[in-house]
**Student:** 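Quick one: the structure is below, and I'll ask about it shortly.
Just so you know, these numbers come straight off a predicted model, no measurement behind them. We count ligands from 1, going down the list as the structure has it; atoms in each ligand are counted the same way.
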Amino acid sequence: MPRLVMKFGGTSVATVERIRNVARHVRREVEAGYDVAVVVSAMAGKTNELVAWCKEAAPFYDPKEYDVVVASGEQVTSGLLAMVLQNDGLPARSWQGWQIPIHTSDQHGSARIAAIDGSAILDAFRERREVAVVAGFQGVNPETGRVATLGRGGSDTSAVALAAALGAERCDIYTDVDGVYTTDPRIVTKARRLDRVAFEEMLEMASLGAKVLQVRSVELAMLYRVPTYVRSSFDDPADPKPGTLICDEEDIVEQSVVTGIAFSKDEAQITLRRVADKPGVAAAIFGPLADQNVNVDMIIQVVSDDQASTDITFTVPAADYERSRAILEENRDRIGLHEIQGATDVVKVSAIGVGMRSHAGVASRAFRALAEKGINIRAITTSEIKFSILIDAAYTELAVRTLHSLYGLDKA
Ligand code: ADP
Ligand code: ASP
Ligand code: MG
């Protein structure tokens, strides 16, 4: 029998009634002749609630215990879906990450999958055609035996990794939108659904803020060549639409220069004023930040007038903002700076498209269009298939809409 992995996100399993709807989608695929593994997320809002409880329990909580708490949301939905399927007459059982097992690294809270042993699930397919209902987002570290979670949105990664491990024909990611759009359809009503997106583009879109897929899931889909579809669980289970296929660039016939616009509010800006303009200063700033695992993104150094001092602006993840400022304060004398300034009300807006490789001047058109709207650009970065700008958060929607129209992405 061919195998299939289906993944259902939080909104799709938000109530027992919706879990019944998920069971209808599963039944359709079983009846079509697939052996099915279903990966489920926690009910919508559950993981946020669990995270808040951890913070309330202890300000500096043990990350291993955090994982014990937050992994519980997926345990509930996996058991509930298995019950509903059984009640409908389909053989099914739930699997927690440690039972399969899904082995992970020991970075609690953002662990990576190291290996999956699919043999027990495959035995159950062969012997009983039993649907495997797998708790997403979680695994176990084999050295310590402790439960570990894969970072927010990690059930997508559970699903793609499982599809690779089971040799599934494809991985279907069911969510609350019917595919990948040119930008977040909740922000821009003119966003268009894409039939296909190249792996590289999806990777950039996810990294740059499109939360529809976890970045790591796209990496795995690309690495193991898992045909992955993003589709809607709210489609009629009897007549579902295919959604968006994430695939090789060569498999896309009509390629536009820009495929999508993404934005991320998880950014903060730090500016160091009057930094000594001498060799080794960049190392003195960014070395200590890297040592503390702060991921610095955009960097701008202004050419100084006086040859003695300069200003340096860069961005860090918003969650690391306070910590980064503290690290810089500690190293103030070594760096030799006058003042540390910062802003958290900023957003990074990015345009992505493999077509940028062969087209010049794509970004400069954006700078002009944004200037015409009175939007000030604080920082810019570019790479082969994307460019990003940092702007005031208040202009997010205006900037995203402006770029979306500029590159001809608005739906007719
Ligand atoms: P799930 O709970 O199913 O994992 P998520 O909330 O993680 O769902 O991801 C789906 C959401 O991603 C959509 O509701 C949509 O608002 C958002 N999103 C952001 N960018 C995009 C995009 N380019 N295409 C589709 N959805 C997007
Ligand atoms: N429940 C987890 C989260 O909210 C994992 C997921 O939904 O993918 O981040
Ligand atoms: Mg998600």
**Student:** Report the residues that fulfil side-chain contact (heavy atoms from CB on, under 4.5 Å) with Ser388, sequence neighbours left out, ordered by chain and then residue number.
**Tutor:** Leu208, Met298, Lys348, Ser350, Thr381, Lys386
**Student:** Can you report which non-hydrogen protein atom sits closest to atom 4 (O) of ligand 1, along with the distance?
**Tutor:** Lys7 NZ, 3.2 Å
**Student:** Closer than 4.0 Å to some heavy atom of Ala210 - which atoms of ligand 1 meet that?
**Tutor:** 20 (N)
**Student:** For Gly153 and ligand 1, answer yes if some heavy atom of the residue is under 4.0 Å from a ligand atom, otherwise no.
**Tutor:** no
**Student:** Is the closest protein non-hydrogen atom to atom 6 (O) of ligand 1 under 4.0 Å?
**Tutor:** no
**Student:** Where on Pro185 is there a heavy atom closer than 4.0 Å to ligand 1, on the side chain, on the backbone, on both, or on neither?
**Tutor:** side chain
**Student:** For Thr402, what residues pass the side-chain contact (heavy atoms from CB on, under 4.5 Å) criterion, not counting sequence neighbours?
**Tutor:** Ala369, Leu370, Lys373, Leu398
**Student:** Provide the full list of ring pair (Phe, Tyr, Trp, His ring centres under 6.0 Å) pairs with a residue in residues 151-196, sequence neighbours left out, each pair given once.
**Tutor:** Phe8-Tyr174, His25-Tyr174
**Student:** Is it true that Thr271 and Gln269 share a donor-acceptor pair across their side chains at a distance under 3.5 Å?
**Tutor:** yes
**Student:** Going by an N to O cut-off under 4.0 Å, is there a salt bridge joining Asp235 and Lys241?
**Tutor:** yes
**Student:** Rounded to the nearest 0.5 Å, what separates atom CZ in Arg112 from atom CZ in Arg216?
**Tutor:** 3.5 Å
**Student:** Quick one, Ile335 and Val275 - any side-chain contact, counting heavy atoms below 4.5 Å?
**Tutor:** yes
**Student:** To the nearest 0.1 Å, how far is atom 25 (C) of ligand 1 from its closest protein heavy atom, and which atom is that?
**Tutor:** Gly179 O, 3.4 Å
**Student:** Is it the case that ligand 1 has an N or O less than 3.5 angstrom from some N or O of Arg186?
**Tutor:** yes
**Student:** Under a strict 4.0 Å criterion on non-hydrogen atoms, which protein residues are in contact with ligand 2?
**Tutor:** Ser41, Ala42, Thr47, Glu74, Phe137, Arg152, Gly153, Gly154, Ser155
**Student:** Just how far is it from atom CD1 of Ile380 to atom CD1 of Ile300, taken to the nearest 0.5 Å?
**Tutor:** 6.5 Å
**Student:** Measure across Ala399 and Ile391 and return the closest heavy-atom pair with its distance rounded to 0.1 Å.
**Tutor:** CB-CD1, 3.5 Å
**Student:** Just jot down the ligand 1 atoms closer than 4.0 angstrom to any heavy atom of Lys211, in number order.
**Tutor:** 7 (O), 9 (O), 19 (C)
**Student:** Between Thr175, Thr11, Asp184, flag the one that comes closest to atom 3 (O) of ligand 1 by a heavy atom.
**Tutor:** Thr175
**Student:** Kindly indicate whether a cation-pi arrangement holds for Arg170 with Tyr34, taking the cut-offs as under 6.0 Å to the six-membered ring centre and within 45° of the axis.
**Tutor:** yes
**Student:** Provide, to 0.1 Å, the distance between atom 13 (C) of ligand 1 and the closest protein heavy atom, together with that atom's residue and name.
**Tutor:** Asp176 OD1, 3.5 Å
**Student:** Return the closest protein heavy atom for atom 2 (O) of ligand 1 as residue, atom name and distance.
**Tutor:** Gly10 N, 3.1 Å
**Student:** Among all protein heavy atoms, pick the one closest to atom 23 (N) of ligand 1 and tell me residue, atom and distance.
**Tutor:** Tyr181 O, 3.0 Å
**Student:** Which bit of Thr182 is near ligand 1, meaning a heavy atom under 4.0 Å away: side chain, backbone, both or neither?
**Tutor:** neither
**Student:** When rounded to the nearest 0.5 angstrom, what is the spacing between OG1 in Thr11 and CG in Asp176?
**Tutor:** 4.0 Å
**Student:** Is it the case that Ser105 and Gln107 place a side-chain donor and acceptor less than 3.5 Å from each other?
**Tutor:** yes
